[in-house]
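Here the structure is laid out as structure tokens; the discussion comes afterwards.
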Amino acid sequence: MAGYRTRWAMVATMVVAVGGGIAGCTDENTPSGRVGDAASAASSAAAAASSAASRATDVWASATAKAGQKIEDIKGGVDVTKDVTLAAPKTADGRTTVEVTARNTTDSSKTFAVQVNFTNQSGDLRDAVVVTVSDVPAGQSGKATARSTHELPAQVKADVARAVRY
């Protein structure tokens, strides 16, 4: 997540730097009032880009927090991330899906809550969802499908962020 924020901050900084450079490059025949307009426009564009970057970061942080909270709300759960595997992500109907397999190593039926994080090739978080694999019999595996909440880039990776058995 920190890498994602850093990249957005770098983009916002580049927009400010480029915008400032554009505002400083004028034709000698340009009336002076237009230079101020260009600088003002560049400043407004930089502010808008910074605001958009901040909102995007907040959205991803909110999605991750919401998914994480669902797992935090489970009482008496046991961390079983090592007992959960994911198939390769697929795209269907504009959404990315991934099959989740949870292996129950106990001697009684259990349910699993699994947080799946979808990241792009750069490792930036694009979505986070929680899927439930219900009533997995003792010593067996159960399956469920995690589905992204919105369209994602074609080359997306899915990882098990957390998994709890209860």
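All heavy atoms count here, side chains included; hydrogens, waters and symmetry mates do not. Residue numbers run from 1 in the order of the sequence given.
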OG1 on Thr81 to CD on Gln115, rounded to 0.5 Å:
9.5 Å
Side chains of Thr106 and Asn104: is there a donor and an acceptor less than 3.5 Å apart?
yes
Name all residues meeting the salt bridge (Lys or Arg N to Asp or Glu O under 4.0 Å) criterion together with Lys157; count only those two or more places apart in sequence or in a different chain, and write none if there are none.
Asp159
Hits for salt bridge (Lys or Arg N to Asp or Glu O under 4.0 Å) against Asp79, two or more places apart or cross-chain, chain-then-number order -> none
Output, in order, the C-alpha distance, side-chain angles, deciding distance and verdict of side chain to side chain contact (heavy atoms under 4.5 Å, CB included) for Val131 and Thr145.
CA-CA 7 Å; Val131 64; Thr145 301; over 6 Å; no
Verdict with supporting geometry, Leu125 and Phe118, side chain to side chain contact (heavy atoms under 4.5 Å, CB included)
CA-CA 6 Å; Leu125 181 67; Phe118 293 98; 5.9 Å; no
Nearest heavy-atom contact between Asn120 and Pro153 is CB-CG, 4.5 Å
Which pairs of donor and acceptor atoms, one on a side chain in residues 89-96, lie under 3.5 Å apart (sequence neighbours left out)?
residue	atom	partner	partner atom	Å
Arg95	NH1	Ser148	O	3.3
Arg95	NH1	Thr149	O	3.1
Arg95	NH2	Thr149	O	3.4

Are the side chains of Val160 and Leu86 in touch, meaning some heavy atoms are under 4.5 Å apart?
yes
Residues 140-154 vs salt bridge (Lys or Arg N to Asp or Glu O under 4.0 Å), sequence neighbours excluded, gives Glu99-Lys143
Residue pairs fulfilling salt bridge (Lys or Arg N to Asp or Glu O under 4.0 Å) with at least one residue in residues 100-113, sequence neighbours excluded
Asp83-Arg103
Single hit among Val114, Thr105, Val84, Val133 for side-chain contact (heavy atoms from CB on, under 4.5 Å) with Arg165:
Thr105
Can you measure from CG (Asp127) to CG (Leu152) and round to the nearest 0.5 angstrom?
5.5 Å
Taking only residues two or more places apart in sequence or in another chain, which ones pass side-chain contact (heavy atoms from CB on, under 4.5 Å) with Ile74?
Ala113, Val164, Tyr166
Would you check, one step at a time, whether the test side chain to side chain contact (heavy atoms under 4.5 Å, CB included) holds for Val116 with Val98?
CA-CA 9 Å; Val116 177; Val98 63; 4.0 Å; yes
